[in-house]
Amino acid sequence: MSRPPIALTIAGSDPSGGAGVQADLKTFHQHGVYGMAVITLLTAQSTRGVTRVAPCAIDLVLEQLAVVLADLPPAAAKTGALGTPELIEAIADRARDFAFPLVVDPVLISKHGAPLATVDAQHAIARVLLPVAALVTPNAHEAAALTGREVRTLAEAADAARALLDRGARAVLVKAAGLSPPGRAVDILATATAVEEIASEHIATTHTHGTGCTFSAAIVARLAQGLALGPAIHAAKRFITHALRGAPGLGHGIGPVDHFASAPPPP
């Protein structure tokens with residue numbers, strides 16, 4: 001067997017398996033990518049909700065990061081829930097030396113409405129993490145929080161994406177399915193040269209736990225395989241659409257997407 005590409009997630013743990021590092025690792029595996037995980041915080045959660053969030057000690061997070069980077073350099077990485085402004089600043093400091101693209105998924109709130117980042121942490125993401133990101137993937141709520149402006153339409157999502165570019169991000173993907181016309185799920189991709197809509201069929205399902213984590217992890221997997229940013233995003237969009245369509249209905253609340261969905265073959 002040839003050596004697979006390596007991808008890294010720096011994120012929180014979801015013991016129910018639908019989001020966080022568990023969703024990221026499942027997505028990496030489904031794409032034929034070897035996944036590594038640096039745990040930033042622990043949660044007690046299920047499909048019914050989040051009952052506790054406990055950030056890990058910063059020195060432990062940084063030691064996890066140091067040892068895996070020294071032994072198994074990834075071809076791409078992502079961040080998820082980071083918890084505290086101090087940890088965000090520490091990760092951003094290390095990320096300035098990354099020799100691989102970093103996708104920042106600014107996880108601020110869980111699917112059930114539980115806060116996963118303070119206001120100070122939101123400010124830290126905007127101040128120090130955006131400038132080291134090859135791509136930032138906020139949903140509409142997160143884009144509004146990071147820019148301090150309302151994001152209620154696709155036009156406002158595009159404006160927020162441009163504002164995040166102005167704050168230092170090299171590319172921004174605002175996940176705006178909830179703002180889309182009926183029957184469509186539209187995301188807004190903004191780069192230094194263009195703003196475009198990336199659309200797919202809207203999948204009507206209540207089982208959307210971990211959608212953002214899975215989507216961003218699929219982008220990272222494709223980047224690790226060598227795709228350029230645009231093709232990686234389009235491939236990941238197809239994957240998350242299939243994953244939503246096949247959501248298995250697990251649990252008694254907002255269930256996970258289908259992490260067994262078939263990924264298109266690698267390039």
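L179 places a side-chain heavy atom less than 4.5 Å from the side chain of V151. Side-chain contact between I6 and V33 is absent, with no heavy atoms from C-beta onward closer than 4.5 Å. Residues F215 and D187 are in side-chain contact: their nearest non-hydrogen atoms beyond the backbone lie under 4.5 Å apart. Proximity of K26 to H29: side-chain heavy atoms (C-beta onward) are nowhere separated by under 4.5 Å. Side-chain contact between R52 and Q45 is absent, with no heavy atoms from C-beta onward closer than 4.5 Å. The closest side-chain heavy-atom distance from C56 to T40 is not below 4.5 Å. Looking at T27 and H259, their side chains come closer than 4.5 Å, going by heavy atoms from C-beta outward. Side-chain contact between E197 and L154 is present, with heavy atoms from C-beta onward closer than 4.5 Å.
Around the NE2 atom of H234, the shell of radius 6.0 Å holds more than 12 heavy atoms that belong to other residues, nucleotides or ligands. Counting heavy-atom neighbours within 6.0 Å of F100 CZ, excluding the residue itself, gives a total above 12. More than 12 heavy-atom neighbours from other residues, nucleotides or ligands sit within 6.0 angstrom of CZ on R96.
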Derivation of the side chain to side chain contact (heavy atoms under 4.5 Å, CB included) call for I91 and V128 | CA-CA 9 Å; I91 294 296; V128 300; over 6 Å; no
Determine, step by step, whether T208 and I254 satisfy the side chain to side chain contact (heavy atoms under 4.5 Å, CB included) criterion, reporting the C-alpha distance in whole Å, the side-chain angles of both residues, the deciding distance to 0.1 Å, and the verdict.
-> CA-CA 6 Å; T208 57; I254 302 172; 3.8 Å; yes
Working for side chain to side chain contact (heavy atoms under 4.5 Å, CB included), residues I125 and Q122 = CA-CA 5 Å; I125 291 171; Q122 295 174 24; 5.6 Å; no
I would like to know whether L135 and L229 meet side chain to side chain contact (heavy atoms under 4.5 Å, CB included); could you show each step before the answer?
-> CA-CA 8 Å; L135 175 69; L229 184 63; 3.9 Å; yes
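Rounding to the nearest 0.5 Å gives a distance of 11.5 Å between CG of L130 and CZ of R170. Distance CG/L8 to CE/M36: 5.0 Å, rounded to 0.5 Å. To the nearest 0.5 Å, atoms CZ (F239) and CG (L244) are separated by 10.0 Å. For the atom pair S200 OG and R184 CZ, the distance stands at 9.0 Å (nearest 0.5 Å). Rounded to the nearest 0.5 angstrom, Q22 CD and T214 OG1 are separated by 11.0 Å. Between the CG atom in L41 and the OG1 atom in T84 there is a gap of 9.0 Å [rounded to 0.5 Å].
When hydrophobic clusters are built by joining Ile, Leu, Val, Met, Phe, Trp and Tyr residues whose side-chain heavy atoms come closer than 4.5 Å, directly or via intermediates, I10 is not grouped with V103. Cluster annotation: I88 and V136 are assigned to the same hydrophobic cluster (Ile/Leu/Val/Met/Phe/Trp/Tyr, side-chain heavy-atom contacts under 4.5 Å, transitive). If you chain together hydrophobic residues whose side chains sit under 4.5 Å apart, V38 and L25 never meet in one group. Hydrophobic clustering (ILVMFWY, side-chain heavy atoms < 4.5 Å, transitive): L42 and V50 are in distinct clusters. In the hydrophobic cluster analysis, where Ile, Leu, Val, Met, Phe, Trp and Tyr join through side-chain heavy atoms closer than 4.5 angstrom, L102 is grouped apart from I233.
At least one donor-acceptor pair closer than 3.5 Å links the side chain of T153 to the backbone N or O of E156. One N or O on the side chain of E142 and one on the backbone of N139 form a donor-acceptor pair closer than 3.5 Å. Checked by atom type and distance alone, the side chain of T51 pairs as donor or acceptor with a backbone atom of A44 at under 3.5 Å. Distance alone, capped at 3.5 Å, is enough to place a donor-acceptor pair between the Q225 side chain and the H31 backbone. The backbone N or O of V186 sits less than 3.5 Å from a side-chain atom of S180, completing a donor-acceptor pair. Between the side chain of R167 and the main chain of L146, a donor-acceptor pair closer than 3.5 Å is present. Panel note: side chain Q30, backbone F260; a donor-acceptor pair is recorded below 3.5 Å.
Of the N and O atoms on the side chains of T47 and H252, not one donor lies less than 3.5 Å from an acceptor on the other residue. Side-chain atoms of S16 and D14 include a donor-acceptor pair closer than 3.5 Å. If you check the side chains of E201 and T241, you find no donor sitting under 3.5 Å from an acceptor. No side-chain donor-acceptor contact under 3.5 Å links H207 and D258.
Closest non-hydrogen pair, P15 versus S13, comes out as CD-O, 3.7 Å. Of all heavy-atom pairs between A185 and K237, the closest is O-NZ, 3.0 Å. In terms of heavy-atom proximity, G32 sits nearest to P4 at O-CB, 3.5 Å. The two residues P5 and A224 make their nearest non-hydrogen contact at CB-O, 3.4 Å. Shortest non-hydrogen contact noted between A126 and P131 is O-CD, 4.2 Å. Across all their heavy atoms, T147 and A163 have their closest contact at CG2-CB, 4.0 Å.
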Under 3.5 Å, which donor-acceptor pairs do the side chains of residues 171-178 form with other protein atoms, sequence neighbours left out?
unit_1, atom_1, unit_2, atom_2, d
K175, NZ, D105, OD1, 3.1
K175, NZ, T137, O, 2.9

Using atom types as modelled, flag every donor-acceptor pair under 3.5 Å from a side chain in residues 60-73 to any protein atom, sequence neighbours excluded.
unit_1, atom_1, unit_2, atom_2, d
Q64, OE1, I39, N, 2.9
Q64, NE2, I39, O, 3.0

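Salt bridge status for D97 with R94: absent, with no side-chain N to carboxylate O gap under 4.0 Å. Ion pair D24/K78 flagged as a salt bridge, since at least one NZ, NE, NH1 or NH2 atom sits closer than 4.0 Å to an Asp/Glu carboxylate oxygen.
Residues that satisfy the side-chain contact (heavy atoms from CB on, under 4.5 Å) test with A243, not counting sequence neighbours, are I240, V257, A261.
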